[in-house]
Amino acid sequence: FFAEAPLYFAHLRRFVAAEYRLVARYGRYDVLARRDVARAADARPLVDAPRPAALAAVLEENLERRRQAAWRWMDALTPEEAAHAHLPEEPRDALLLLRALRDGGDMRAAAWAMLGFNSPDPRVRGEAVDAMLALTRALRSERARFANDFDPNVYRPFVTPLVESARALRSVTALRSFADAVLRLAHAPDPALKTEAEGAQ
């Protein structure tokens, strides 16, 4: 819905962001209150952090359990873990991990998708492409939240080590939007991005 929203959604979001503010977040659900009635004491949103999930839980075959585990795993990820990302050796487990990124992805886990793209296994590689496209859509949705509290700096330490790989990925037309998203989050746009933008003017 967010990714393909018509124009009225942008107008509605602008209205909500101006008139309401975030007062609580429970997992993937936000609670907003009208700015004219929300108390100053509630200035800091109540955030109910989900219980972290181990990577092993992300390899669950059941879709809903895997998706829930993926959200909790990625929410607790650290930049250090992302810097040492590795895919499971067993192709089945690698596929399940990449499907978890696809089904409930977060750009903080971009390193795992990029590793999958470099796999010699065509199934793993194909799943990684799907995951990267899904991560790009998820990022657009994050930016479009009614809470209007998207902070790109949260992602920066996770994607900065991926800059050179992202620049190389720009040569793959289908993955250019993913690569550009990584580069922008890392504040390291490819010179070609500026050239293309200038050419479009």
Side-chain angles (χ1 to χ4, degrees), residues 1-40 42-50 64 67-68 70-72 74-75 77 99-110 113-114 129-160 162-163 166-167 169-170 172-201:
F1 175 79
F2 286 127
E4 304 298 331
L7 182 61
Y8 70 77
F9 175 79
H11 294 313
L12 175 61
R13 182 183 177 279
R14 194 160 39 245
F15 170 80
V16 171
E19 301 293 329
Y20 293 77
R21 68 176 177 81
L22 180 70
V23 292
R25 173 166 288 144
Y26 300 95
R28 294 171 61 83
Y29 296 94
D30 290 347
V31 179
L32 306 174
R34 278 180 21 207
R35 292 182 184 275
D36 61 337
V37 296
R39 297 179 306 174
D42 301 327
R44 290 191 62 180
L46 170 66
V47 177
D48 182 29
E64 280 307 314
R67 185 178 286 167
Q68 292 290 332
W71 288 333
R72 297 198 331 266
M74 286 180 271
D75 196 57
L77 267 181
R99 284 175 189 161
L101 300 188
R102 179 196 69 197
D103 296 332
D106 184 308
M107 198 59 92
R108 286 174 288 186
M114 294 176 92
V129 169
D130 289 345
M132 286 189 272
L133 297 176
L135 290 177
T136 308
R137 290 191 299 271
L139 181 65
R140 284 199 298 267
S141 295
E142 285 287 302
R143 291 179 182 277
R145 282 195 309 239
F146 280 179
N148 199 33
D149 65 338
F150 177 78
D151 182 3
N153 293 317
V154 169
Y155 300 88
R156 188 176 187 186
F158 293 89
V159 298
T160 297
L162 308 176
V163 164
R167 285 181 173 148
L169 269 182
R170 292 198 79 249
V172 182
T173 303
L175 298 178
R176 189 168 293 164
S177 60
F178 169 81
D180 290 349
V182 169
L183 292 170
R184 289 190 179 103
L185 287 173
H187 303 298
D190 192 290
L193 294 178
K194 184 175 180 183
T195 303
E196 289 173 4
E198 290 171 347
Q201 292 176 355

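Applying the salt bridge (Lys or Arg N to Asp or Glu O under 4.0 Å) rule to D130 yields no partners; only residues at least two apart in sequence or on another chain are considered. For F15, the ring pair (Phe, Tyr, Trp, His ring centres under 6.0 Å) criterion is met by no residue, not counting sequence neighbours. Listed by chain and number, the residues in a side chain to side chain donor-acceptor pair (under 3.5 Å) with N148 are R13 (sequence neighbours excluded). Qualifying side chain to side chain contact (heavy atoms under 4.5 Å, CB included) partners for D103, counting only residues two or more places apart in sequence or in other chains: L63, R66, R67, R99. With sequence neighbours left out, the side chain to side chain contact (heavy atoms under 4.5 Å, CB included) criterion links A138 to no other residue. Residues passing the side chain to side chain donor-acceptor pair (under 3.5 Å) test with R156, sequence neighbours excluded: none. With sequence neighbours excluded, the residues satisfying side chain to side chain contact (heavy atoms under 4.5 Å, CB included) with V129 are F117, L133, L175. Residues satisfying the ring pair (Phe, Tyr, Trp, His ring centres under 6.0 Å) criterion with Y20, sequence neighbours excluded, are absent altogether. Take A166 and apply the side chain to side chain contact (heavy atoms under 4.5 Å, CB included) test, not counting sequence neighbours, and it matches M114, A179, V182, L183.
Rounding to the nearest 0.5 Å places CG of D149 at 4.5 Å from CZ of R25. Interatomic distance, F150 CZ to R143 CZ, rounded to the nearest 0.5 Å: 4.0 Å.
Minimum heavy-atom separation, L101 to A113: CD1-N, 3.8 Å. In plain terms, the two heavy atoms of A24 and L22 that are nearest each other are O-CD1, 3.3 Å. Across all their heavy atoms, L135 and M107 have their closest contact at O-CE, 3.9 Å. The two residues Y155 and D151 make their nearest non-hydrogen contact at CD1-O, 3.8 Å.
R35 places a side-chain N or O within 3.5 Å of a backbone atom of A18 that can act as its donor or acceptor partner. R170 places no side-chain N or O within 3.5 Å of a backbone atom of R176 that could act as its donor or acceptor partner.
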Can you check side chain to side chain contact (heavy atoms under 4.5 Å, CB included) on L32 and F146, steps first, answer last? CA-CA 8 Å; L32 306 174; F146 280 179; 3.7 Å; yes

Any chance you could lay out the salt bridge (Lys or Arg N to Asp or Glu O under 4.0 Å) test for D75 and R108, step after step, and finish with the verdict? CA-CA 8 Å; D75 196 57; R108 286 174 288 186; 3.6 Å; yes

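Inter-residue side-chain proximity for M74 and L77 is flagged as met; some heavy-atom pair is nearer than 4.5 Å. A heavy-atom distance below 4.5 Å is not found between the side chains of L139 and F178.
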